[in-house]
Every structure is written in C-alpha cells, then in structure tokens.
Number of protein chains: 2
Amino acid sequence: MNKQPKYRQVADALRREIDNGTFPPGSRLPSESELQTRFGASRNTVRNGLSLLVSEGLITSSQGLGYEVRSHEVFELNASRFENLNFPQNGDAYNTDVTNAGRRPHQTFRVEMTSAPEDIAKRLKVEPGSKAVLRFCHRYVDDVPWSTQATYYPAWLVEQSPRLAEPGDIEEGTTRYLAARGIEQIGYFDEIAARMPTPEEARLLEIGAGVPVLLWTRTGYSADRPIRCTVTTFRGDLNRMNYEIGDLSARENEGQ
Amino acid sequence: MNKQPKYRQVADALRREIDNGTFPPGSRLPSESELQTRFGASRNTVRNGLSLLVSEGLITSSQGLGYEVRSHEVFELNASRFENLNFPQNGDAYNTDVTNAGRRPHQTFRVEMTSAPEDIAKRLKVEPGSKAVLRFCHRYVDDVPWSTQATYYPAWLVEQSPRLAEPGDIEEGTTRYLAARGIEQIGYFDEIAARMPTPEEARLLEIGAGVPVLLWTRTGYSADRPIRCTVTTFRGDLNRMNYEIGDLSARENEGQ
DNA sequence: TAGTGGTCTAGACCACCTC
DNA sequence: AGGTGGTCTAGACCACTAC
C-alpha cells in the first residue's frame, strides 16, 4: 500500500490532465468548489493541492478569476554571439534581439554612485565597499517586465572615463566609449545560476510563485584587470541562454 | 495603510531574521507552536508563512525535527573549458572536477534503445520518434544526488559506431571513441534554462520545494551534422555554470 | 512519552471580477 | 448579486524523531 495524501492525489490528477491536454495552456481549471465535490475533499485540501501546482510553475491563480494553466513561450538569448569581441555594440544587443523577434523593447535606466557589494568587489578585484558606478537597467518586452541588469564599474576606471558616471545613455555604447579611451574588453567570464526570486526581484519582475530567476553574471576583462561586472536577472520562465562554442557551420541550415 | 496579511508578516519577520544572522544557515527555527504565540496567529497561518519561506528556498522542514535554515554551498562547473575541443575527455570532466574539489564522485549508468523525444529529434535533425541510443547517468557527490545526464545519439551514428549501444562505460570516453572512428565533434551549441522540477526530477535529485533545476542542453556537431544531444539536469541550489570567452589572462592571478 | 511537523475538516469573512 | 480565490480560525488525528 502506497497511499498518497489526498492533496497530492488532487495535484497529481490535475497535473496529468494538464500534461495530456485536457487543460491546455491558457485554459482555466475548474473552480475550487467544483474540485471539492469532484475529489470529495475540503476546500483547504483542494487549495493545498492547487498550491503545489502553483509552486511547480504549472498554473497561476488570480482572485476573482480562478486558476489558469500557464503558457510557456521562451525568448532565446545568445550569450556568446552578441557583444562580439570584434564588433562591440551597446550593452547586450537586447534592443536588436527583441526587435528582431518582432517584439517591442522598452527600458528604464538610472546611474548611481555606490559602494561595491562584496561579491562584485571580489570579481572586480577591488576592496569590498570601495566606490563604484552602478548603471542599472530595467527591461520590458511588450510591457512585460523581462530582466534587470546592473553593471558595476570600478572607481579607478570611472576616473579615467568620467562619462560612465553621467546619468543617461552613452550614445555609442559604453563598450565603444571605453575602447575609444584605450580600455578594451578582450575577454569575459560568465557565471549562470538559478534560484527562487527574493521578494524584491519578484516585485521588479512581477514574478508569481513557482518561477525561478536566472542569474547571469558577466565579468569583463581588459588585458590587465577586470573592468566591469554585469549582473542580469531574468525571469526563468521566459528566457533561455545560448552559447555557441567552436565550429557550428553544420547548424546554419535550419533554426534549431 | 498598506496592511500585509498576517502570514506575510510572519514570513517577512522570519526572512529578515534569517538574513541578518539571527538564524544562521543550518540552525533551527522556533517551532510552529512557539511562532503561534509570538505572532498571535493560528497554526495554519503560521504554517502558511513558513511554507512561503520554504517555496523561496530559504528553509526546509522535516517531520519530527522542525524547520531548518538552508545553507548554500555551490559547485562551479566550467562549461567552456572542460570537454576542450583539442583535448576530448570522457563526458564532461565531472569526475575530475569533483575529485579536485575534494569531494567523492559516484554515478550510476545505463544504456537504452529508445525513440528520440520531439525536442531531442529536432536538435539532432532526425525524424521525431526515430530510434536513438540513450546513455543515462545519475550522478552523486558525497552521496548527495547532484545531476542527471541523458545523452542521445542518432541511429545513423550508432550503426557506424556500435559500441555506443553497448551497456557499460566506454573506457576511453565516447568522444575519443567517436573520434577514432572518424566522427569528430568540432562545435557545441549550449542552451541553459531554469524551471521548477517535475515530480520525477524532484525524486531523482531529492529536491524539496523551493529549489529550481538548471537545464543544460548541449548539442554536439561534426562538420556535417549534429551527432549527439546531452541534457543535464542540475540542482539549482548546488551548482553554478561558468563560461570563459575570449582572452582571460588577466583573471589567472587569484580565484575569482 | 512528549514534542515536532503533516494532513484534513468545517466554517467564517473578505477582496476581486463579471454581469 | 453571485461566483471566484485570499485569509484566518479552532480543533482533530496521524507520523516521525528524540529521549
């Protein structure tokens, strides 16, 4: 005998029906009271089962409306191709990529003078707590919050390149601006991690329960030392990162 | 007035105390009944708040023991360096990496003849449902389930390289075995995604609520066509992926 | 045996959405 | 107004862990 608790039976039954198409993406699940009678369970037990599916990222709930099966469309982000070393462009080609996908990009932007958080300082090889310029970007696609991007520049670099600390965009792109001043990024170190969002991240990205964030930390190096560190936070349900390594001429024919 | 529901107040208060070190990683939270009196709330309300923290990945619970603050140690996985194109080695250097970190690797292994799932078939550029060899690996570090790895080889390749379908390890490594038979991988396409685990993944990786998985899909190409597709599923709380791009000689000095 | 969390019930009131 | 989910309570019994 391997009896599952009732709320799991509820979750399992519904999950199966979502998987096999009984409830396709975008459709609505039966209401809690309908599920009570169907499973012969109390309301709390039904809710317990439903909340399991919510935390698995399978469904969402909204007051007054009901439970809806989540639909998944993902946005591909090529991390190795854009920001090409021989052809530096503004930031990370977000505008180009989004527009190419037929979507409408939109972003808010701000520049701050802060002290570098410990993990950033370590990557930039500066003293923890030392001054840094933070250029922060909050990005939307078709008005849906998509990602936040925080780039830190160490103080010594800002002294040489004062426009980094000025508010507002740098027209030609920060990479080109730096290159023109003799600071060339010749390598990157990328780190990718996943975790559940902090309440702050959940707020900025309008993430509900059951959706992890992808954390992408890119540290850019000149020939001598690290010159910037960019931390990008994505909604995990809407994004996928790609890397191309080596010779991929055999991949060109069709879209994968 | 911006009153939060009581269970959120419980969660926020405890989260703050976890963040500021009142409850350090590995320590135990007060029991539910203690929290009831502290917050003047019913047991279900307290449980509701605690389950929020569980689904954020901050704490775990076990019957009879209580709630414990999760501790985070992450394992770095260099995706661009290992499986070096000029120096192919067995699989993805998992054994080497883990041993170097002073940990004890352990894995179970099986080989299956299956039909390629749709997404795999697309990446291998074969008909959906066509035959493929699946080499499946379940990996542990110090007896903690760490990742699962499924590599699919298309039928046409297996005909040329029959040992792929044989159970058991290929001593010299599949990459070398293939290279010796004239099939050389000259490029990779990596895709990285994050999501909540399916019940099956949660079982294999012994993941509790609040821990996402990292999905790493690597498609290997010869000069002509894709020759394999490897899907690795990691515990998101224990792993971080790295990519090195361009010239990183300035990084060598210290550990990042 | 005592204390912990896990499951389940029954009922109440509130907030939001649609009509 | 009527239906939906959101919050909260009080109490019951079970399962696991410690001693």
Side-chain angles (χ1 to χ4, degrees), chain A residues 1-15 18 23 26-70 199 202-203 206-210, chain B residues 1-15 18 23 26-70 199 202-203 206-210:
Chain A
M1 199 51 178
N2 208 332
K3 192 168 178 303
Q4 286 274 66
K6 205 185 272 186
Y7 77 94
R8 281 192 181 278
Q9 298 177 28
V10 173
D12 291 344
L14 293 174
R15 191 189 300 107
I18 290 172
F23 302 115
S27 68
R28 268 195 43 197
L29 251 44
S31 72
E32 290 180 352
S33 60
E34 287 177 90
L35 294 174
Q36 282 183 61
T37 56
R38 168 173 168 194
F39 291 102
S42 77
R43 186 173 170 216
N44 280 338
T45 301
V46 167
R47 284 178 63 80
N48 210 333
L50 287 166
S51 75
L52 236 185
L53 299 183
V54 169
S55 75
E56 287 173 13
L58 268 181
I59 62 177
T60 60
S61 71
S62 18
Q63 208 170 37
L65 285 174
Y67 292 84
E68 184 170 316
V69 181
R70 224 204 277 275
R203 193 178 59 76
E206 289 175 23
I207 304 187
Chain B
M1 202 48 180
N2 207 332
K3 194 170 178 305
Q4 286 274 63
K6 205 185 273 186
Y7 77 95
R8 282 192 180 278
Q9 297 176 28
V10 173
D12 290 345
L14 293 175
R15 192 189 300 107
I18 291 172
F23 302 115
S27 69
R28 267 194 47 197
L29 251 45
S31 73
E32 291 181 350
S33 61
E34 286 178 271
L35 294 173
Q36 283 183 58
T37 55
R38 168 171 169 194
F39 291 102
S42 76
R43 187 173 169 217
N44 279 338
T45 301
V46 166
R47 284 177 63 79
N48 210 333
L50 287 166
S51 76
L52 236 184
L53 299 183
V54 169
S55 75
E56 287 173 13
L58 268 181
I59 63 177
T60 60
S61 71
S62 19
Q63 208 171 38
L65 284 175
Y67 292 85
E68 184 170 314
V69 180
R70 225 205 280 274
R203 194 179 57 78
E206 290 176 22
I207 304 189

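The sequence lines fix the lettering, A, B, ..., with proteins before strands; numbering per chain opens at 1.
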Counting C-beta onward and ignoring hydrogens, is there a side-chain heavy-atom pair between A/Leu50 and A/Leu14 closer than 4.5 Å?
yes
Taking side chain to side chain donor-acceptor pair (under 3.5 Å) as the test, write out the residues that go with B/Ser55, two or more places apart.
none
What distance do B/Arg8 atom CZ and B/Arg15 atom CZ have between them, rounded to the nearest 0.5 Å?
8.5 Å
Please list each protein N or O that sits under 3.5 Å from an N or O in nucleotides 14-19 of chain D, with the distance.
{"unit_1": "D/dC16", "atom_1": "O4'", "unit_2": "B/Gln63", "atom_2": "OE1", "d": "3.2"}

Using atom types as modelled and distance alone, determine if a side-chain donor or acceptor of B/Lys6 lies under 3.5 Å from a backbone N or O of B/Ser42.
no
Counting only N and O atoms by type, is there a donor-acceptor contact under 3.5 Å from the side chain of B/Arg28 to the main-chain atoms of B/Leu65?
yes
For A/Ala11 and A/Gly49, the nearest pair of non-hydrogen atoms, with its separation, is CB-O, 3.6 Å
By a strict heavy-atom criterion of less than 4.0 Å, which residues belonging to residues 44-53 of chain B are in contact with DNA chain C?
B/Asn44, B/Arg47
Distance col, row A/Thr45:OG1 vs A/Glu32:CD, nearest 0.5 angstrom, shows 11.5 Å
For A/Val69 and A/Ile59 the tightest heavy-atom approach is CA-CG2, 4.2 Å
Can you tell me how far OG of A/Ser51 sits from CD of A/Glu56, rounded to the nearest 0.5 angstrom?
10.0 Å
Chain B reaches DNA chain C, atoms under 4.0 Å from its heavy atoms, from C/dG3 to C/dT9
Looking only at non-hydrogen atoms, find the nearest pair between B/Pro30 and B/Leu35 and report the distance.
O-CD1, 3.8 Å
My understanding is that only residues two or more places apart in sequence, or in another chain, count here; which of them pass side-chain contact (heavy atoms from CB on, under 4.5 Å) with A/Thr60?
A/Glu68, A/Arg70
Can you find a pair of side-chain heavy atoms, one from A/Asp12 and one from A/Gln9, that are under 4.5 Å apart?
no
Does anything in residues 31-43 of chain B come within less than 4.0 Å of DNA chain C? Heavy atoms only, and list the residues if so.
B/Ser31, B/Glu32, B/Ser33, B/Arg43
